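For reference, the structure is listed below as structure tokens.
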Amino acid sequence: MIKQQIVISGVGGQGVLFITRLLAEVALELTAPVLSSETHGMAQRGGTVISHLKVGLFYSPQIRTGQADVMLALREENVLLHGHFLRDQGLLVVNKADSHDPGAIDATGLARELGSVVSANIVLLGFALASGKLFCDVDSIRTVLARILHGQRLELSIKALELGVQAPK
Amino acid sequence: MSGLEQRILMGNEAIAWGLLESGCTVITSYPGTPASEILGSLVRFRHEWDSAVHAEWSINEKVAYEVALANSYLGARSAVSMKQVGLNVAADPLMSSAYTGVKGGFLVISADDPGPHSSQTEQDSRFMAMSAKIPVFDPASPRQAKDMVGHALNLSEQFELPVMLRPTTRICHARQDVRISKPKVSKRKLEFHREPGRWAATPKFRYLLHLQLNEKLKHLASNPDLYPQLLNAGVDGDTCVVASGVALANTREVLEDLGLFERVPLYQVTVPYPLNPDFASQLLENFRRILVVEETYPVTELQFRQRDRVFGRLSGEVPDAGELDPERIEVLLREFLRLPSIRPRPQPEVKEKRPTLCAGCPHRAAFFAIKRALPKAIFPSDIGCYTLGLNLAAVDTVLCMGAGISMAAGFYHAHNRTGEETPRLAVTIGDSTFFHAGIPPLINAVIHKARFVLVILDNSTTAMTGYQPTPQTGRDVDGSPAPAISIQDMVKACGVRFVREADPYELKEFSALIREADAFSRAADGGVAVVIARHPCLMDRSGREASPRQQLRTNERCKGCRYCADHFECPALVYSEDEDRVHIDSTSCVGCGVCAEVCPTGAIEEQTEET
Ligand code: SF4
Ligand code: SF4
């Protein structure tokens with residue numbers, strides 16, 4: 001049975017919550033139990049936003065230090081801030097301009113080329129999926145995107161996803 | 001949707017669905033984190049079902065409570081939701097309705113915020129339930145929150161008593177796969193039974209009602225369905241853990257991870273008040289040491305009459321403030337169970353990015369203008385996005401909803417009494433907060449001849465909690481048209497003689513108006529002067545469309561003084577250390593153009609075609 005803990009970290013407006021919800025919907029399609037925890041209210045006003053997603057049998061909505069299997073960082077600075085959640089040998093995927101390090105991708109840059117900076121979150125997700133280490137695959141994400149988005153937003157998101165998947169590792 | 005469906009629901013959505021499934025027909029609320037999404041999602045779900053539920057964003061929690069309660073007096077099921085400090089506002093009807101009781105089920109949902117993440121206190125609503133003498137449910141997951149809605153309403157009807165559901169932030173904002181079923185359509189006939197000794201009880205009858213309430217509570221406490229549950233049946237030992245809410249969920253997970261779930265009995269308290277009296281005495285008989293893990297105050301722990309072998313927030317084993325996240329729980333479980341403690345990982349030195357008003361937020365312009373006009377003033381303020389005016393040093397006090405106005409009056413009278421010159425005072429309050437709790441203090445200030453400048457930040461929405469309409473919006477909860485109450489008329493009706501309206505984006509004019517207001521307030525026949533700062537919130541689509549959009553840039557006149565970044569602190573103004581100048585981040589800049597007014601050297605300018 002699937003069991004995976006994922007931390008998604010960024011600042012308000014970067015779409016941390018969207019990625020969390022997307023992954024939760026995918027887990028539901030796979031009939032795996034899901035629990036997630038997110039930031040709301042004052043902190044959303046441009047402040048640090050972190051969400052925890054747990055797929056499989058869990059009770060606590062939060063992840064403890066050193067327990068996350070995966071961390072998606074939408075902002076480089078957040079690796080310092082929330083990197084402690086990641087377990088040894090966990091998968092770290094980070095959005096940063098200088099993308100030469102392993103696990104790094106200039107998601108914002110790629111999204112900008114697409115004409116939609118706000119899609120950086122999906123580019124990053126695509127990149128993470130390509131590692132094959134997430135509990136789900138690219139197709140399952142496509143299916144859910146097609147269910148929850150429509151029209152231009154859907155088109156953009158699918159393109160952003162592809163960009164991430166195909167980005168050099 | 002057929003009979004059953006599995007959905008990912010946020011705790012608040014699960015609660016909303018629970019209300020519909022159990023046939024509630026009047027549901028009211030005032031927005032406040034972490035409770036806001038309950039009513040918001042209920043309206044969405046209601047449309048899926050086209051059900052005849054009355055849902056409203058009431059003007060404040062007290063009014064919300066009373067509107068919903070009336071429906072329960074008539075025999076139908078009702079609910080009111082709010083955040084914990086909102087329950088303080090609704091404390092009056094809460095206490096009284098515990099005595100009168102109800103006919104149809106009545107659920108009070110009060111969402112607590114251990115931490116606190118978005119509140120002025122970490123207060124525990126379960127104590128409010130205790131002090132009102134009504135039972136309270138404490139859910140450990142979104143799924144359980146939904147189930148408890150149904151149980152609580154049944155219990156409320158059985159005992160004719162309001163019942164509370166107390167979720168916490170981590171439950172409200174957690175998401176989980178939840179099984180939902182078709183909402184129940186209530187076919188109950190509404191009937192008002194005239195019972196003056198109950199619905200309009202005089203003190204003499206109130207005493208009798210109190211006796212009845214005590215009787216109800218006694219029966220309820222020994223109800224076997226509410227007896228705390230042993231989650232790991234068959235596990236025995238001399239030490240046990242008693243927990244509730246999300247602290248229970250965290251405790252269970254940590255125990256499982258440590259391989260102790262098969263060794264340490266874990267009890268879940270689903271109804272922390274009233275705690276079954278036999279439970280406490282049985283536990284004391286069976287165990288040598290009992291650890292109580294609960295958020296945020298020691299409600300369960302206190303109900304153990306004998307506490308020498310009970311450990312928790314009171315005894316100091318559990319920290320007496322703050323959220324019990326799984327990390328903290330692991331530490332205290334290890335301590336209590338005498339396991340080797342974990343080496344705490346070095347915590348990162350980096351600072352979290354502090355919250356700030358959005359780029360182009362009209363509040364920022366208003367605060368900057370107020371500070372420029374009255375730099376030495378005291379700035380009482382209030383609760384909303386604009387509390388972030390703190391970053392501009394334009395907010396000095398934030399007590400509770402509506403307090404800014406009363407406190408400004410207080411500051412004035414305190415000084416005026418001395419016969420010396422009174423300090424300048426400039427209060428800020430949001431539009432929604434003004435309607436919620438600002439009107440009585442404004443009337444009070446006027447009739448007692450206080451003098452200050454009041455700026456009502458009118459952005460046509462309740463932004464902080466998710467853009468709910470205000471009474472001035474002229475929009476109902478589902479977007480349908482509703483009568484609109486004008487703030488300006490309201491202020492005039494409160495007896496204010498200086499009432500002006502302006503757009504804070506026009507910095508110069510707005511600053512001048514603030515000075516004019518200040519002069520009026522200090523003139524011989526002056527008083528309270530009100531300026532309504534009108535500009536829609538940018539997160540609102542209509543607000544964005546109504547706002548100008550300019551292409552801005554900084555030119556070579558920028559000498560890197562950082563005045564704009566520090567004193568205006570728009571997140572789109574980014575100081576570059578290398579170049580020692582400020583740049584405008586084009587991805588976050590909304591092009592409001594206000595900063596061009598701010599820079600003392602005129603280094604921020606509009607980018608024209610040629611440049
Ligand atoms: S833009 Fe103006 S205020 Fe900002 S740092 Fe440059 S000179 Fe100073
Ligand atoms: S124009 Fe200036 S104040 Fe307005 S959003 Fe852009 S940088 Fe901020």
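Just so it is clear, the model here is predicted, and its values are computed rather than measured. Sequence lines set the chain letters: A, B, ... in the order given, protein chains first and strands last, and positions in each chain run from 1.
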| Atom group of B:Glu323 that falls short of 4.5 Å from chain A, counting heavy atoms | side chain
| task | Please work out whether the ring planes of B:His363 and B:Phe367 are parallel, tilted or perpendicular, with thresholds of 30° and 60°. | result | perpendicular
| message | Only pairs of heavy atoms separated by less than 4.5 Å count here; which of B:Ala174, B:Cys172, B:Pro571, B:Pro326 has the most with chain A? | response | B:Pro326
| query | When A:Asp69 is tested against each of A:Arg87, A:Gln5, A:Gln89 for side chain to side chain donor-acceptor pair (under 3.5 Å), which residue passes? | reply | A:Arg87
| message | Which residue in the set B:Thr465, B:Asn12, B:Ile15 passes side-chain contact (heavy atoms from CB on, under 4.5 Å) when paired with B:Glu37? | response | B:Asn12
| field | Criterion side chain to side chain donor-acceptor pair (under 3.5 Å) on A:Asn95 and A:Thr108, from CA distance to verdict | value | CA-CA 7 Å; A:Asn95 173 24; A:Thr108 305; 2.8 Å; yes
| task | Among B:Glu256, B:Arg170, B:Gln176, single out the residue with the greatest number of heavy-atom pairs under 4.5 Å to chain A. | result | B:Arg170
| query | So what's closer than 4.5 Å to chain B heavy atoms on A:Val34: side chain, backbone, both or neither? | reply | both
